[in-house]
Amino acid sequence: MIRIYNTLSQDKEDFKPLEPGKVRMYVCGMTVYDYCHLGHARVLIAFDVITRYLRHRGFDVTYVRNITDIDDKILIRANENGEPFTALTERMIAAMHEDEEKLGVVRPSHEPRATEFIQEIIDLIQILIDKGYAYPADNGDVYYAVSEFKDYGKLSKKKLEDLVAGARVDIAEAKRSPADFALWKGAKPGEVSWPSPWGDGRPGWHIECSAMSGGSLGHTFDIHGGGPDLMFPHHENEIAQSEAAHGCTYVNYWMHAGAVRVNKEKMSKSLGNFFTIREILEEYPAEVVRYFLVSSHYRSQVDYSKDNLEEAGRALTKLYHALRGVEVADDAPETEHDRHFHKLMDDDFNTAGAIMVLHAVASDINLHRREGRVVEAAQSAAVLKRLGGILGLLQQDPEDYFKAAPGKDGGLTAEAIEDLINQRNQARKDRNFAEADRIRDTLAAQGVILDDSREGTSWRRG
RNA sequence: GGCGCGGUGGCAGAGUGGUUAUGCAGCGGACUGCAACUCCGUGUACGCCGGUUCGAUUCCGACCCGCGCCUCCA
């Protein structure tokens, strides 16, 4: 039985999908006005691992992750760039797909875009107005009347009184209550807009997710995920919209990833410590970034720092070392390691524990090799690749991993390195160790580390 | 101020009512021409104070500290 921590109950619960063997999952995706940053990577990878594991456990997973391709930030940025907003969003969507691919994130089953769901959004708003949960204001906006929804605050554990008391006075006084939020935003002159019963305008942020999730997965579905800062108000508002409109439970399991910090500080643009995925990938291999993120639990806060990334790199290198030069069996029977791995992952996707198992399997491989047990080594290698694959790790050819470390390329080509290694091995054969060591030092200065073994000398960048 | 989360060994990071997390770093040994890799061994731990218990890092309460959300944000 898989157990999942549910933000709604603030507790781990047995996972029982609506339909046995099937999982319907929705995750809030990107607003595509800029490149994806590390926080996005965290959510992307967390739910990628969750999807992979559920599929590994035999579930048929429908994974929907939306794209917000119309909102204020997009319009502002497009305006600054002097380009149509669609040119901006298309470019950022393409960049996002590139980033995901590098990080080994499997594409979702569907990626609905807000602009493709305008009619559904309008229909949903109309239902909310008809049922008395929403009202058109005289400024062309339509607002959700939060006080009409009795369960408001059940996800984020906030009380409406506190929210209203603590709210800033909104300049848009068209709202009946400061806690009300926009479902539809009336267009200003010259702005991109769609026609609606309330005049030309565009959807508010929260309504698009209710429309896209309901439209893709049904009015009730199993898992809804997203970043930690989406819990309030975004997810709270989604619940208010969907449950008021459809009269049924919106989502059974709410999952939220932990925050990413940078050098123990909140990651923010004002602090200048905001990293995009592509910036990070210039310095670290994508798989190292992935290992770093997967090596702590998805709900815990992680701290991005040079030291932490380098440590992740060393740990991953250790695993690839076990795989290097070893034959991998086509298949291997289920082992104690598989069972341990499942036990940990069944318990709210404990990837940190699961990585411990990977290291245990790597130790087995190393031991088998040392003792000359070729068949056992190949079997263990198959287990390591199998379990690593569930986490999206260790699927590269080890040689590729070792020989291509971004940011650490000393400028030497593989050919040049191998040439020097041949010279060194000749010197060793001649017992000219001074010369051999000089060559090794030269390579080390270029970031190339040599590993001698019975089979010969291999190298890596590190 | 309101709501929520967390404090584990030098660092990162799991877990458990009484028995080794794991990784990195350190130390000793094996291997090696010497290293690296690998293997064997090894030390430092559960914020503070009470309570429950035969026994708590692990359950309960208070306290201290850190963090997140409450405004666009993954």
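To find a chain, count down the sequence lines: A is the first, B the second, and so on, and within it residues start at 1. Just so we're clear, the structure is a prediction, and the values are computed from it rather than from any experiment.
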When the C1' atoms of rU44(B) and rU32(B) are considered, how many whole Å apart are they?
31 Å

When rounded to the nearest Å, what value does the distance between C1' atoms of rA36(B) and rA21(B) take?
27 Å

Taking the same atom, C1', in rC54(B) and in rA12(B), what whole-Å distance lies between them?
37 Å

Taking only residues two or more places apart in sequence or in another chain, which ones pass side chain to side chain contact (heavy atoms under 4.5 Å, CB included) with Ser193(A)?
Ala187(A), Asp200(A)

Parallel, tilted or perpendicular: ring planes of His342(A) versus Tyr53(A), cut at 30 and 60 degrees:
tilted

Could you check whether Arg424(A) gets within reach of a base, just the sugar-phosphate, or nothing at all, counting any heavy atom under 4.0 Å?
base

Return the nearest nucleotide to the side chain of Leu230(A); candidates are rC34(B), rC73(B), rC70(B).
rC73(B)

Any Gln301(A) side-chain N or O less than 4.0 Å from OP1/OP2 of rG68(B)
no

Answer yes or no: is there an ion pair linking Glu287(A) with Arg290(A), defined by an N-O contact shorter than 4.0 Å?
no

Show me the donor-acceptor pairs, under 3.5 Å and distance only, between side chains in residues 354-361 of chain A and residues at least two apart or in other chains.
| from | atom 1 | to | atom 2 | distance (Å) |
| --- | --- | --- | --- | --- |
| His359(A) | NE2 | Tyr291(A) | OH | 2.9 |

So if I take every side-chain heavy atom of Trp205(A) and compare against rA35(B), rG68(B), rC72(B), which nucleotide ends up nearest?
rC72(B)

Under the side chain to side chain contact (heavy atoms under 4.5 Å, CB included) rule, collect the residues that match up with Glu418(A), sequence neighbours excluded.
Lys403(A), Trp459(A)

Sequence-distant partners of Thr276(A), side chain to side chain contact (heavy atoms under 4.5 Å, CB included), two or more places apart
Tyr35(A), Arg278(A), Glu279(A)

Pick out the pairs of N or O atoms, protein on one side and nucleotides 39-47 of chain B on the other, that lie under 3.5 Å.
| from | atom 1 | to | atom 2 | distance (Å) |
| --- | --- | --- | --- | --- |
| rC39(B) | OP1 | Asn366(A) | ND2 | 3.4 |

Could you work out, with ring pair (Phe, Tyr, Trp, His ring centres under 6.0 Å) as the rule, every residue matching Tyr320(A), not counting sequence neighbours?
Tyr401(A)

Pair Asn366(A), Ser363(A) - check side chain to side chain donor-acceptor pair (under 3.5 Å), show working.
CA-CA 5 Å; Asn366(A) 290 328; Ser363(A) 277; 5.4 Å; no

Identify all pairs in which a protein N or O lies below 3.5 Å from an N or O of nucleotides 6-12 of chain B, and state each distance.
| from | atom 1 | to | atom 2 | distance (Å) |
| --- | --- | --- | --- | --- |
| rA12(B) | OP1 | Lys264(A) | NZ | 3.0 |

Phosphate contact (rA74(B) OP1 or OP2) by His40(A) side-chain N/O below 4.0 Å:
yes

In whole angstrom, give me the gap between the P atoms of rC46(B) and rA56(B).
14 Å

Arg176(A): partners by side-chain hydrogen bond (donor to acceptor under 3.5 Å, both in side chains), with sequence neighbours left out
none

Test Val374(A) against Val326(A) for side chain to side chain contact (heavy atoms under 4.5 Å, CB included), laying out the working first.
CA-CA 8 Å; Val374(A) 179; Val326(A) 75; over 6 Å; no

Taking the P atom in each of rA25(B) and rC11(B), what is the distance between them to the nearest angstrom?
16 Å

Where along nucleotides 15-20 of chain B does protein come under 4.0 Å, by heavy atom, of base (B) or sugar-phosphate alone (S), with - for untouched nucleotides?
S-----

Rounding to an integer number of angstrom, what distance separates rU22(B) and rC70(B) when you compare their P atoms?
40 Å

Measuring from the side chain of Arg314(A) (C-beta onward, heavy atoms only), which nucleotide among rG68(B), rC24(B), rA74(B) has the closest atom?
rC24(B)

Write down the distance separating the C1' atoms in rU8(B) and rC65(B), rounded off to the nearest Å.
15 Å

Nearest-neighbour nucleotide for the Asp451(A) side chain, rA74(B), rU22(B), rC37(B) considered
rC37(B)

Residues passing the side chain to side chain contact (heavy atoms under 4.5 Å, CB included) test with Asp72(A), sequence neighbours excluded, are Lys185(A), Arg202(A)

Holding to side-chain hydrogen bond (donor to acceptor under 3.5 Å, both in side chains), I want the full list of residues that pass it with Glu111(A), two or more places apart in sequence or in another chain.
Arg65(A), His97(A)

Regarding Ser156(A), tell me which of base, sugar-phosphate or nothing describes its non-hydrogen contacts under 4.0 Å with the strands shown.
sugar-phosphate

Is Arg314(A) salt-bridged to Glu311(A), cutoff N-O under 4.0 Å?
no

Quote, to the nearest angstrom, the P distance that separates rC67(B) from rU52(B).
35 Å

Side chain to side chain contact (heavy atoms under 4.5 Å, CB included) between Val49(A) and Phe349(A), intermediate numbers included
CA-CA 8 Å; Val49(A) 170; Phe349(A) 310 100; 5.7 Å; no

Can Lys175(A) and Asp141(A) be counted as an ion pair, charged N to O under 4.0 angstrom?
no

What nucleic acid atoms does Phe232(A) come within less than 4.0 Å of, heavy atoms only: base, sugar-phosphate, or nothing?
sugar-phosphate

Writing each nucleotide of RNA chain B 5' to 3' as (, ), [, ], | or . by Watson-Crick or G-U pairing under 3.5 Å yields (((((((..(((.....[...))).(((((.......)))))....(.(((..]....))).))))))))....

